[in-house]
Asks: 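I'd like to ask some things about the structure below.
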Amino acid sequence: MSRVTNDIENVSNTLNTSFIQICSSVLTLIGTVTVMLWLSPLLTAVTMLIIPAMYFGMKWITKRTSVRFKAQQRQLGQMNGYIEETLSGQRIIKAFSQEERVMAKMKERNDSLRSAGFWAQVYSGFIPKLMNFLNNASFALIAGIGGLLALQGVVTIGTIVIFVEFSRQFTRPLNDLANQWNTLLSALAGAERVFDVIDEKNESEDEKDAVDVEDTQGRVEFADVTFSYEQDEGETVRNISFTASPGQTIAFVGPTGAGKTTMINLLTRFYDVDSGSILLDGQPIQQIRRESLRSHLACVLQDTFLFAGTLRENIRYGRLNATDEEVEEAAKKANAHSFITALPNGYDTVLTSDGSGISQGQKQLLAISRAILADPKILILDEATSNIDTVTEVKIQEALGRLMEGRTSFVIAHRLNTIRKADRIVVLQEGQVTEIGNHDELLVRNGFYASLHKSAVEGLPLIEKAHG
Ligand code: ADP
């Protein structure tokens, strides 16, 4: 964000003001030197004597400022990032009484920024002083040497007077250039950071022969899929094979870090498989354009993201061209209609982007409304682990039941109820499928799932007792 705001603004300001000034300085310089040469090449040469001094002086200064300007931009970015992070995480910070530590760290970052900025300014502050000195030195040189030449009758007093004036004309644009150099350096430091972002590799392009898929039955097959996030860190998931027939519910079960989310990341093509393939209706998903593939998918994730806007707009995010009636229809199916209409402004209630004002459970109902509106063939569900009140929970389960009907669903399941109802349970352990089958089959197997089930039944959450 800092790169987008601070650095781009920096570059844009430089282009807007400094660039124009630099052009005008260069033009003035060319004009002045031409006239000076025409008046007296000898005195022009004398005036030029200051250029090497200026060159070395500037070199000395910029060598020191450029690193510091870069550091300043970097520190500014870090500090802004830190402010953003701590502001959005302030509840956690307070809950864990970390205020002092956060403030100390903020002070530390602030100090680094100040010291980088301080030295960048100190060194660049030398520039006008240097120029002033050279200006006066050039005046003295012209007056002295010009005086001697005038005594010998080589130049007239008039020429010297004009020359003194022109030598100021000559150094002023140089002076401006030197000052602009300063801004330019800071902008260059910013531009470098902006280009880092621009040069960042894209999500890989769609394959050249990738096609659009208009309609799908929703048959998904994982065929010997192996994948790792980092090439040198071993495989995250390996040799995964199973098939989801149209309309089936597949539950992924396994300990944290087993690779459940990874399976979803591969199916949605946020990452591509290293070997093996994932097939949609028998066609490898790499051959399908990402946009087309994703149009057949909808996700209901643990943490529903709501945009700043009305409830209606937030539901409509599922399908942008939906009419108001369709939005309400979807909300009804998702059991969200009643809580929405109970709000004073109903569907026009404005949400802040962090979704404060509505509960976690209600957020989920909104997410389900979105998915119902999107009406995809394939559904991805990351079941919430957080506790939601029993009434809302029942509503969510009911809405999900309706949503999953007739769709191929992949569920990262935590609730026993959901798992029990799944057509197939894929048990993942350390990136491998260790057991596969439905609830009854896996219980008979008496393996990992059976023991998981046993411990879950013993510590059965309230909701399970009510409906189990
Ligand atoms: P689960 O959803 O079953 O808890 P994940 O699929 O999220 O597990 O993670 C499987 C493994 O992959 C974990 O060891 C995790 O640390 C690693 N992992 C997950 N996401 C990334 C990522 N973006 N980059 C590198 N490693 C990751």
Side-chain angles (χ1 to χ4, degrees), residues 81 85 196-197 200-205 220-244 248-278 285-286 290 293-294 297-305 360 364 367 371 378-388 400 404 408-437 439 442 447-453 455-456 459 461:
E85 182 187 288
D196 281 348
V197 176
E200 188 66 27
K201 238 173 62 194
N202 245 331
E203 178 177 50
S204 40
E205 299 284 325
V220 179
E221 188 182 347
F222 277 67
D224 204 20
V225 169
T226 295
F227 167 78
S228 58
Y229 286 103
E230 310 287 346
Q231 294 309 329
D232 44 352
E233 277 182 18
E235 290 142 354
T236 310
V237 291
R238 59 189 170 282
N239 308 116
I240 306 279
S241 296
F242 66 88
T243 306
Q248 272 194 337
T249 299
I250 307 291
F252 292 124
V253 176
T256 307
K260 302 181 294 288
T261 314
T262 308
M263 307 290 281
I264 302 301
N265 285 342
L266 292 173
L267 180 60
T268 45
R269 283 196 73 196
F270 286 121
Y271 294 89
D272 275 329
V273 297
D274 294 334
S275 72
S277 58
I278 301 174
I285 58 172
Q286 271 101 323
R290 278 189 180 76
L293 172 73
R294 288 175 189 161
L297 304 170
C299 301
V300 178
L301 301 179
Q302 282 208 30
D303 201 11
T304 306
F305 191 86
Q360 198 62 34
Q364 292 229 336
I378 299 166
L379 193 69
I380 290 163
L381 198 69
D382 191 357
E383 227 176 17
T385 40
S386 56
N387 275 329
I388 287 166
L400 280 178
M404 285 156 78
T408 314
S409 311
F410 294 89
V411 190
I412 298 181
H414 303 293
R415 300 244 191 287
L416 220 48
N417 234 352
T418 326
I419 301 173
R420 226 180 253 155
K421 279 191 286 188
D423 297 294
R424 304 189 104 187
I425 300 164
V426 176
V427 180
L428 284 165
Q429 281 175 286
E430 292 175 12
Q432 274 181 306
V433 176
T434 51
E435 289 169 37
I436 193 162
H439 177 72
L442 291 188
F448 178 79
Y449 178 77
S451 65
L452 196 80
H453 179 256
S455 56

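Everything numeric in this text was worked out from a predicted model, so none of it was measured. Ligands are counted one by one from 1 in listed order, and the atoms in each one are counted from 1 as well.
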Asks: Among Pro255, Gly254, Gly257, which one has a heavy atom closest to atom 4 (O) of ligand 1?
Replies: Gly257
Asks: Quiz question for you: does at least one protein heavy atom lie closer than 4.0 Å to atom 16 (O) of ligand 1?
Replies: no
Asks: Below 4.0 Å, non-hydrogen atoms only: which portion of Thr236 touches ligand 1? Side chain, backbone, both or neither.
Replies: side chain
Asks: Atom 26 (N) of ligand 1: which of Phe252, Tyr229, Phe270 has the nearest heavy atom?
Replies: Tyr229
Asks: Measure the distance from atom 2 (O) of ligand 1 to every protein heavy atom, then report the residue, atom name and distance (to 0.1 Å) of the closest one.
Replies: Thr261 OG1, 2.4 Å
Asks: Would you check if Ile380 and Thr268 make a side-chain contact, meaning some heavy-atom pair closer than 4.5 Å?
Replies: yes
Asks: Does ligand 1 come near enough to Thr262 that some N or O of the ligand is less than 3.5 Å from an N or O of the residue?
Replies: yes
Asks: Please check this pair: side chain of Arg238 against backbone of Ser228, looking for a donor-acceptor N/O pair closer than 3.5 Å.
Replies: no
Asks: If you have a sec, work out which protein heavy atom is nearest atom 23 (N) of ligand 1 and how many Å separate them, to one decimal?
Replies: Tyr271 OH, 3.3 Å
Asks: Give a yes or no on whether the backbone of Asn239 and the side-chain of Thr226 come within a donor-acceptor separation of less than 3.5 Å.
Replies: yes
Asks: Give a yes or no on whether the backbone of Asp423 and the side-chain of Thr249 come within a donor-acceptor separation of less than 3.5 Å.
Replies: no
Asks: Counting both backbone and side chain atoms, is some N or O of Glu230 under 3.5 Å from an N or O of ligand 1?
Replies: no
Asks: Is a side-chain donor or acceptor of Lys260 paired with a backbone partner of Val411 at a separation under 3.5 angstrom?
Replies: no
Asks: Protein heavy atom under 4.0 angstrom of atom 11 (C) of ligand 1, is there one?
Replies: yes
Asks: Hey, does the side chain of Arg294 reach the backbone of Arg269 with a donor-acceptor pair shorter than 3.5 angstrom?
Replies: yes
Asks: What I want to check is whether the side chains of Tyr271 and Thr262 have a donor and an acceptor closer together than 3.5 Å.
Replies: no
Asks: Under 3.5 Å between any N/O of Thr256 and any N/O of ligand 1: does that happen in this structure?
Replies: no
